Every structure is written in structure tokens, then in C-alpha cells.
Amino acid sequence: MKNILLTTAAFSLSVLFATAQIKPQNSIDQKVNALLAKMTLEEKVGQMTNLTLDAISKTDAAGKIVEPHEIDEQKLEEKILKYHIGSFQNVAGHTYDRKHWYEIISTMQRVALQDRLKIPALYGIDAIHGVTYTLGSTLFPQEIAMAATFNPELAHEEGEISAYETRASYIPWNFSPVLDVAKNQAWPRIYETFGEDPYLVKTMGASIIKGYQGNNVGDKYHVTSTMKHFLGYGDPLSGKDRTPAWIPDRYMREYFLPPFIEAIKAGSRTLMVNSSEINGVPIHSSHYLLTDVLRKELKFDGIVISDWMDVSYLHTRHHVAATEKDAVALAVNAGIDMCIVPYDYSFYNYLIQCVHEGKVPMSRIDESVRRILHVKYELGLFDRPVGNPEDYPDFGSDKFKAVSRQAADEAITLLKNNNQILPLKKSMRILVTGPTANTMRSLDGGWSYTWQGEQDDKYAVDKKTILEAIEQKIGKQNVQYEPGAAFDSLENVNAAVAAAKQADAIVLCLGESSYTENFGNIDDLNMPAAQTELAQQLAKSGKPVILVLAEGRPRIVTLANNAATATLMAYLPGNEGGDAIADILFGDVNPSGKLPFTYPRSPNALVNYYRKNIENGNGDDSHGYHPLYEFGFGLSYTTFRYSNLRIDKHDLKDNETLTVNVDVTNTGNRDGKESVLLFTSELYASIAPDTKRLRAFNKIELKAGETKTVTFKISAGDLAYVNDDGKTAAEPGEFKIQVADQTLNFNYSTSKPFNKQTDGKL
Ligand code: BGC
């Protein structure tokens, strides 16, 4: 999709980011081999070790990190000059300005270049929705909201800008994107993902990776991405973070693997491993996934990094290694190249012992170090270990923020709009209430300035909360604010109800505060009772309730939604999200987001949209698939009519392409954007087919009254699924195409008989 703003921004970015030529691979290979030949075992294992910034920061007498953080040069020298540690990461508790990052990285590189072989250190950071840990950076909507835009060009622009600002912080390595397919709606990392659909995840994921890495990952405006977390992290049985999943190999390949395949094709250079265990096997010890699948089948030749402490957890948490030393051997032999230890020399010492004892072959060490050095060369670190502060005049600029704002505008999803209550009139008196109304934490979520985002209101003080944005939009005199409830308890609900009586409409902001990883675990997906109670009490006032949801996962809001006249899903829309919400509420922007996940109606009905047919009711429709809102749902202030779905042939052969056209008309009186989603269903197959699957999408912009024809090309690969033998293949049969309310059937056939044993490949 294009519009003027996007095109202009994309043009200026491409000029700005004009890149140098990619260095020929073999010249890097030669340098890597020459360097490797000079290295001792200790130097090699140092390269495989990654420590956190805490490990080289000054501490007080009690061992607490002193603030403001400073590098402890003595510790740093020990780490690098004695142990040859080659990689560092993260932050020690709070966010820094660019100058401070310059001091950290240049001190680190100065010492690294004093070591015998002068190998620059590799610094990594979680810049997962913009540059999380640098003050004044451009914070974007979280991935789940980016997915709701259904606009891969925006993801690409986010990638370009985040890469620019990460390099502006002198860091060349970004632990992003999350490519986990978010199947379990209770999982606290839903907001870090591109949603529940493999095709959406892989499309948005590949796009942001290309933005991060550009044409040359080594130029001063690009960074290497990290595909994470390989593999199957998004479906914990319990819904809690880092808890076991049971995923048969066929399903692993069908739903969870495709985004990683696409990301490898897009050129991602590093990969982080899922901390959990699947079918009883911790992924950090899975030779099958880390070597057989990742290296041999997918041909990934970049760095595999462990997640935080996960090698030692093979011993202490998963109990698959009787000692920490065994854990190190298990993980490295399975395929881990670099370990986030992250505080001490345990991995380093054990790995050296394992090599001496013959438990880890030297060839395995060389393989990992070769990959690590290769990426260091690709990133240009040998030529430019630290960037030049003058090179980044656009850091945190208005033109970057405009892209974040556009992403928020296109993400926010209108779920309900009875009586066309929205957009509200700017002359109305509005009560703003609810726990997410006046905090940036509920707009930015976790990984915002700090890991848990708990200091977001301090660091994003110049950004507008929902309340502040509404006040600015319609004037403070027209707005009354009553909190009504905290996240888990009512707070002077009577004052909110009394204020409702004086208002023309109530903007009720419910949802979640910021959290990250296991701090976001919940035992109940329901929105906390106090928030539902607030919605119900306010509805009794008879005034229209506009429910605004600022949350990282679909908390069950069925009762609050029933009490509301309109519902707007904001997800975690980022630093510009308050303004975007106000623009949509008051009609300055026409919403165009669509749900990237199924919004469940009840806590025991957490089924994804690509359910099996047997889940559609099985004779008892009342317990069939009946979510509050289906994947892909989203309203607009205008209306779109779909017509004339047509295909160029009714019999598709294996080597042919099916051309699908559909006309979309804006039948309302406002211009609008619409994501056109194409689903296919196989009617009968040898393995129970999914009810439907997203195969293509395209976001278009239509003026009032305008009609556009949208064209899709479908080939056998788009109809394929992973069969009983783990092979991806399209099985002959009848298929249905669905685009909005339009459907058509066609047949697919192959010239040779379908053979489950041999057809198709990953
Ligand atoms: C998370 C990763 C992250 C890493 C480094 C871990 O706890 O699971 O997603 O990249 O920390 O910050």
C-alpha cells in the first residue's frame, strides 16, 4: 500500500540509507580462516561467550551496580584481555543517552583492540519496537500492533529507522524480530509477536528483517537482525512463559517453522533459541532442531545464540544434564554457537574443559567461531568498531516519529460501532476513565526504556497518554478525568459514575500495564473483575461507553464489550499511540487495523481461526468456534463492498499460477484504507484440513465511491501443507477461495500421482 506520506518517507530513507557495495563472501572467508588459524582454544571459547553489561559495570561495596552506570575498566580488562570475551549485551537497569552509549561502546572496543588478535567485540540489544534503551529514540507500536496494520511496507520502514537509531547508539546487533507464532492467547509474549497466523508472521517478519539489514548489514545505518525464538515458543500448554509445549513435528513444520524459513531467505544473520522445552526436549539441547533442521535442511550459516542463562538451565531447570559442565557439552554439541551466560566464566571454563576431555570436538568449536567472526566482518566491525556520533542527524527526528504515528493509525482496530457513535464530535463533553487512560505504560508495554517498562511514564514524559491526547484534541474544558479503577481494584467508582452523568460520552480505557516475559504470567485471561465492574457501572448511566483497549494480549472483555456502544482495540500502539487513538475517536483518522489474532469470547474457548472443521461445532453449535471477533476482523468509518470474485481457471495444475481478481468498492462517504485478505480452504484432504488459511493480503486505499480491482496470484506452494511424512506438498482436490464475503471453488491437480513419500520439500 502506498500513500503520499509513506512514499515520501520511503524515498528519503532510501536516499539517506544509500549503501556501500556488499563485500564478496570469499574475501571474508579468507580473513576468517586466517584469523581462526592464529587463535588459541581460550581465544575461541571467549568468542563464544556473551556477558551482560552488569558484568563489566562498577558496583558498590555491597555488590550493587552504582548509578549512573559506568564501565569498570578493571573488570572489562579482565574479561577481554584475560578471558578474550568477544560479545556483550543489554543494559544495566535503565536507559542511556547516545553520549553514554558512545562511552560504553568505545571503551569496550578500545580494550578489545588491545587484545592480542584485536578482534572487536560484538554488542547486542533488544531494540524490539524501536531502540528501547536509548533516550529520545523513536518507539514504534509493538509487533502485535504492527501486524494489525497488515502493511509490510510499514514494518520495513520501522526496520530501517530502528537500525539507523541502533547504529546511532553504536550497536550493530538487534535481538529482533520475534517470529514466534502466537497460538496461546494467554502467553505474556503475545504482544512481541506478529500474531497467530504463520503467513502474516512470515510476511511482516521478513519485511522488518530487510529493513534492519538493508542491502549491506555492514554499513553504518544497518544492523543484523536476530530471528527468535527458535522454535515453537508461542504455544505453551499452560499459557505461562517458558513452560512446556507439546508440538508434533508435523505441526511444528506447518505452523511454527515457515517464518524462520522466510527469515533465513531474507538474510537474517543470527538466531536466538526458545528457552522452553517441547515434547520433553529443551530446545537448547535439541540436535535435531538446531543442527538437523536449522543447518542441514534450512542451510542457516549465521550465529545461533542461546537465550539468557539457558545453557545452565539445562542442568538447573530442565534437569536433562546432571551437571553444568554436561549442560555446556550438550548445548554446544546440539548446535549453540554463543551462550548468553551472562555474568560469569562458567560457560567459558566448562567448555575449555569439555574440549580437553574430548566431550566437545574442536571441529565444533571452529565451526561456531567461524560463524561468529564472519558476522563480525559482515557488520564492518573490523573497519569501524565504533560509529561516528555526527553520522546520525535524524535520530529521534519528526520524520521518523511520523512513521511511528502512521503505524499506530493503521494498527488501531475498530471492533464495534453501534449506531455509528464514532467518530465523536469535538464539541462533546467527554469523561475519560479507566486504568489505562493516563499512563504511557499501557501504550508502550514492556521493553520500553527498561525491560519491564516500569519507568515509561518518566522517560516518555513528553509523549501523550490517551487522556492528554484527548484534552489536546478537544480542549481541557471539555474533558473530565476520573480514574474509576486501578488495574485490579475499583477506585472511587462513584465519582466516575457521577461524572458520567454530566458527560455526553464516556471514553473507558481498560487493559494492562507493562510487563515482560514471566512477569506477565496470568492465571486468568479474563479482564480483571474491577475493570469489568467499572464498565458495567458506567453503562448504567445511559451515556454511550466507548471502550478503548490498551493491552498486550486479548484479555476477555465480553461483558465490558456488551456494556459498550463502541470498542476500539489499541493493542500497545507505542509512543505516538495516544495521539493516534484521539485522532480515530474524533474522526481525524479513519481506522483500518484488522485483528492479527482471534479475540476469544470465553476463557475456555481459545481456538485459533485456522481451527479444524471438527472444532466448528461437531453437532453442538453452541460450543463450536464462536470467538468475540475473528482473526482479520476490523471496521472502518466507511463501508467496503466486495464483488466480482473471479479466477482465470477452474482447474489449476501443479506448475501453473491461478490469478484471482476481486473488486473492492468504497461505498461510504469517507476515504479509507482496507486490508484485503485472501483465504483458502481445502475441502477434503488425507490429513484433516484447516477450516481456512490466510494465503495473501494487500492493503489498499480507496476514495469515497472508488472501486479498485485487487489481484492475487496463487500457486501450488500456497495450497501446500505438511503431510504425514513431514513434507510440504499440495494434495490434489477441491479448494475454496474466500475474500471477505466472496467465495469460489476450483480444483487442483498434479500431472503425476500425489505421493506422500516423495512429493514436496521444505
Ligand atoms: C529474552 C530474549 C531477549 C534476551 C536478551 C531474554 O530473557 O527471552 O527475548 O532477547 O533476554 O535480553
Side-chain angles (χ1 to χ4, degrees), residues 49-55 57 87-96 122-134 142-144 162 166 169 171-182 187-194 201 205 208-209 212 223-234 236 240-243 245 259-260 263 268-277 282-284 302-314 316-318 331 336-343 347 445-453 514-521 552:
T49 305
N50 177 291
L51 300 180
T52 182
L53 187 56
D54 286 16
S57 295
S87 178
F88 297 88
Q89 58 133 332
N90 237 288
V91 276
H94 68 67
T95 202
Y96 310 133
L122 176 57
Y123 206 94
I125 200 94
D126 294 275
I128 72 155
H129 67 126
V131 185
T132 314
Y133 297 115
T134 309
Q142 296 275 0
E143 266 188 36
I144 196 68
S162 301
T166 307
S169 312
I171 298 172
W173 185 14
N174 186 3
F175 300 146
S176 172
V178 168
L179 298 178
D180 303 312
V181 170
W187 186 43
R189 303 195 76 167
I190 292 279
Y191 73 84
E192 295 181 55
T193 75
F194 289 117
V201 174
I208 200 168
I209 286 169
Y212 286 145
V223 296
T224 179
S225 59
T226 303
M227 318 167 249
K228 66 185 191 185
H229 307 76
F230 189 80
L231 184 68
Y233 191 24
K240 311 262 168 63
D241 193 35
R242 290 171 159 85
T243 57
F260 289 90
S268 186
R269 301 303 295 134
T270 73
L271 173 144
M272 190 182 285
V273 178
N274 170 5
S275 300
S276 193
E277 54 188 65
I283 315 305
H284 284 77
I303 302 171
V304 169
I305 183 167
S306 80
D307 203 341
W308 188 269
M309 283 181 87
D310 276 321
V311 172
S312 60
Y313 287 153
L314 291 176
T316 55
R317 280 188 179 171
H318 299 283
I336 299 286
D337 296 318
M338 188 187 283
C339 172
I340 302 187
V341 187
Y343 299 105
F347 173 82
W447 303 105
S448 301
Y449 306 103
T450 61
W451 180 43
Q452 295 296 324
S514 65
Y515 53 81
T516 300
E517 300 172 46
N518 57 339
F519 287 90
N521 283 344

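Just so it is clear, the model here is predicted, and its values are computed rather than measured. Order of appearance sets the numbers: ligands from 1, and atoms from 1 within every ligand.
- Using a distance-only test at 3.5 Å, with no hydrogens or angles considered, no donor-acceptor pair links the side chain of Gln142 to the main chain of Glu192.
- Shown are Asn274, Asp241, Asp307; of these, the side-chain hydrogen bond (donor to acceptor under 3.5 Å, both in side chains) with Tyr233 is made only by Asp241.
- Using modelled atom types and a 3.5 Å distance limit, the side chains of His129 and Ser176 yield no donor-acceptor pair.
- With values rounded to the nearest 0.5 angstrom, His318 atom NE2 is found 7.0 Å from Ser275 atom OG.
- Between atom CG of residue Asp310 and atom NE2 of residue His229 there is a gap of 9.5 Å, rounded to the nearest 0.5 Å.
- Of the inter-residue distances, the one linking Ile125 atom CD1 with Ile171 atom CD1 reads 4.0 Å to the nearest 0.5 angstrom.
- Contact shell of ligand 1 (protein heavy atoms, cutoff 4.0 Å): Gln89, Asn90, Asp126, Phe175, Arg189, Lys228, His229, Arg242, Met272, Asp307, Trp308, Trp447, Glu517.
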